[in-house]
Asks: 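Structure incoming, see below.
Atoms within a ligand are numbered from 1 in the order they appear, just like the ligands themselves.
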Amino acid sequence: MSGGARRDRVLVVDFGAQYAQLIARRVREAHVYSEIVPRDITADEVRAMAPIGIVLSGGPASVYAEGAYHLDPAILGLGIPVLGICYGHQAIAHALDGVVSRTDRAEFGKTGLDVRRPSALFDGMPDRQTVWMSHRDTVTGAPEGFRVTASTPDSPVAAMEDPERRICGVQFHPEVAHTPLGQEVLKRFLYDVCGARPTWTNASIIEESVAAVRTAVGGERAICGLSGGVDSGVAAALVHKAIGDQLTCVFIDHGLLRSGEAEQVEETFRANFHVDLIHVKAADRFLDALAGVEEPEEKRKIIGETFIRVFEEVAAGLSDAGFLVQGTLYPDVIESGTRDAAKIKSHHNVGGLPEDMAFELVEPLRDLFKDEVRAVGEELGLPEDLVWRQPFPGPGLAVRIIGEVTRERLDLLRAADAIILEEIRRAGLYREIWQAFGVLPAIRSVGVQGDERTYAHPLIVRAVTSEDAMTADWARLPYEVLERISNRVINEIPGINRVAYDISSKPPSTIEWE
Ligand code: XMP
């Protein structure tokens with residue numbers, strides 16, 4: 001479902017994925033819709049998308065590198081405003097016969113930028129600013145028609161503008177937090193150079209999504225798998241706003257959830273939103289299937305397969321449903337097909353799609369970044385706990401119990417996990433920590449409690465910081481927080497007599513233990 005025709009659109013040409021995604025997010029934070037397009041996009045394709053502006057992203061390459069991506073020069077002749085950033089700045093200079101010089105020296109980190117006027121990008125801003133640089137090649141001669149609007153000691157053409165053609169370039173990175181006035185520079189480009197209107201807001205996102213879902217689904221029935229997490233929850237709330245009782249949500253409780261999660265799904269969706277909710281209490285079935293199984297991949301496989309079977313059975317009873325709601329996000333859309341990372345673990349997404357089912361998909365979050373999904377969730381009135389919930393794996397606590405998953409061990413871990421999260425929240429750390437949880441290993445150790453010898457389980461506390469779960473670092477939790485967790489877990493949970501903190505990063509470890 002792509003955006004309606006009313007909203008202004010800016011294209012971000014992807015010369016390097018991370019750079020492009022960050023720029024696209026910053027443009028949207030300025031309330032202008034942005035879309036990432038591949039670097040080999042042609043001028044005809046750009047024209048067909050009718051953007052009000054184009055941003056060329058930074059990238060790791062040199063314009064002189066073998067196989068370097070060159071911009072289709074005709075894009076610069078479309079009459080659409082263009083802003084080149086870092087590599088994009090050099091690509092403009094290269095395409096329009098300016099001079100890009102190879103230097104031996106890299107300019108990296110914070111630099112002082114001297115601004116020259118007049119300049120659309122720096123209008124009303126200080127003459128000297130701090131900007132963040134990361135480049136080796138540098139533009140030493142601006143193309144004809146351009147004026148140089150800023151320089152640094154190592155970059156004589158750190159910024160340039162052609163007011164006639166409305167083409168600008170900056171060598172620094174306005175999209176990063178290390179460039180304090182970067183967002184202002186982007187806004188000058190969007191509002192003053194492109195003439196954008198602030199049409200991308202939570203309200204407009206919801207309004208457009210609701211309209212698009214109504215058109216797509218018509219009078220038919222849709223099903224949505226709920227996991228208790230933010231993506232499926234926001235997707236369900238949006239679709240419910242669009243089609244009301246034509247939506248049936250299915251929540252499969254596999255018995256591997258954390259304390260209070262099933263109740264929260266009931267309360268949020270059935271009690272508050274009055275959603276038609278099928279709550280499948282399937283803990284027995286999952287635990288029976290997992291009995292005696294210790295091997296991590298085998299556990300994951302059983303949970304994934306059982307999940308699909310249960311989902312199919314429920315779906316069979318909803319044979320009039322033609323649509324399935326998925327909480328696919330924009331980064332998944334951008335990256336699908338391009339990511340070929342080695343498989344470390346077989347991931348399973350609760351609320352995921354049995355591949356051979358004959359549904360049409362409804363993906364109301366397809367255009368959204370995670371922070372936008374959260375903002376929309378808050379706007380729709382979903383509870384804070386759900387909107388800000390830390391990621392939780394589809395196979396749930398099963399991948400945090402080493403060895404066999406039994407009811408007793410689940411109860412132990414659930415109780416300990418609740419204490420960990422309570423203390424993390426109490427310390428005000430919940431949002432800055434990517435995930436915090438407990439792990440129950442398959443060992444016991446000796447302790448002494450109230451004059452008595454104990455022989456009980458240890459609990460491992462894991463808390464990590466991360467941007468995207470691809471890499472992670474162990475969180476430097478304050479000792480007092482660790483102390484409270486340790487005291488409470490050992491005193492309040494019979495069966496645990498020791499607490500350890502996992503100080504491994506990813507790689508070489510993974511976030512989950514299985
Ligand atoms: P690892 O353990 O591979 O985890 O470092 C990376 C991130 O993915 C989450 N995770 C899963 N999420 N289904 C999911 O939806 C899964 O099967 C699954 N396994 C791991 C994990 O919690 C972390 O955020």
Asks: Would you indicate whether Asp320, at its atom CG, is surrounded by more than 12 heavy atoms from other residues, nucleotides or ligands within a distance under 6.0 Å?
Replies: yes
Asks: Only one of Asp231, Val230, Asp367 forms a side chain to side chain contact (heavy atoms under 4.5 Å, CB included) with Leu329, so which one is it?
Replies: Asp231
Asks: Assess Trp513 for proximity to ligand 1: is some non-hydrogen atom of it under 4.0 Å away?
Replies: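 Contact absent.
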Asks: Closer than 4.0 Å to some heavy atom of Lys506 - which atoms of ligand 1 meet that?
Replies: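 Listed by number with element: 1 (P), 3 (O), 5 (O), 6 (C).
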Asks: Determine the interplanar angle of the Trp200 and Tyr33 rings, folded into 0 to 90°, and report it as parallel if under 30°, tilted if 30 to 60°, perpendicular if over 60°.
Replies: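 Ring orientation, 0 to 90° scale: tilted.
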Asks: Can you list every pair that meets salt bridge (charged side-chain N to carboxylate O under 4.0 Å, His left out) and has a residue in residues 477-495, with sequence neighbours left out?
Replies: Glu422-Arg488, Glu423-Arg484, Glu423-Arg488, Arg488-Glu492
Asks: Heavy-atom count check: over 12 atoms from other residues, nucleotides or ligands less than 6.0 Å from Tyr501 OH?
Replies: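 Above 12, so yes.
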Asks: Look at the aromatic rings of His279 and Phe251 and report parallel, tilted or perpendicular, splitting at 30° and 60°.
Replies: tilted
Asks: Considering Gln390, Gln435, Glu512 one by one, which has a heavy atom nearer to atom 24 (O) of ligand 1 than any of the others?
Replies: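 Residue with the shortest heavy-atom distance to the ligand atom: Gln435.
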Asks: For ligand 1, is there an N or O atom under 3.5 Å from any N or O atom of Ala469?
Replies: no
Asks: Show me which atoms of ligand 1 lie under 4.0 Å from any heavy atom of Trp434.
Replies: 24 (O)
Asks: Using distance alone, determine whether Arg300 and ligand 1 share an N or O pair under 3.5 Å.
Replies: yes
Asks: Please report whether ligand 1 has a polar contact with Gly394, defined as an N or O pair separated by less than 3.5 Å (distance criterion only).
Replies: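 Checking ligand 1 against Gly394, an N or O pair does fall under 3.5 Å apart.
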Asks: Which of the atoms in ligand 1, numbered in the order shown and given with their element, are less than 4.0 Å from a heavy-atom of Thr510?
Replies: 1 (P), 2 (O), 5 (O)
Asks: Assess Arg39 against Phe15: is NZ or CZ under 6.0 Å from the centre of the six-membered ring, and within 45 degrees of the ring's axis?
Replies: no
Asks: Look at ligand 1 and say whether Met470 reaches it with a heavy atom at a distance under 4.0 Å.
Replies: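 No, Met470 has no heavy atoms under 4.0 Å from ligand 1.
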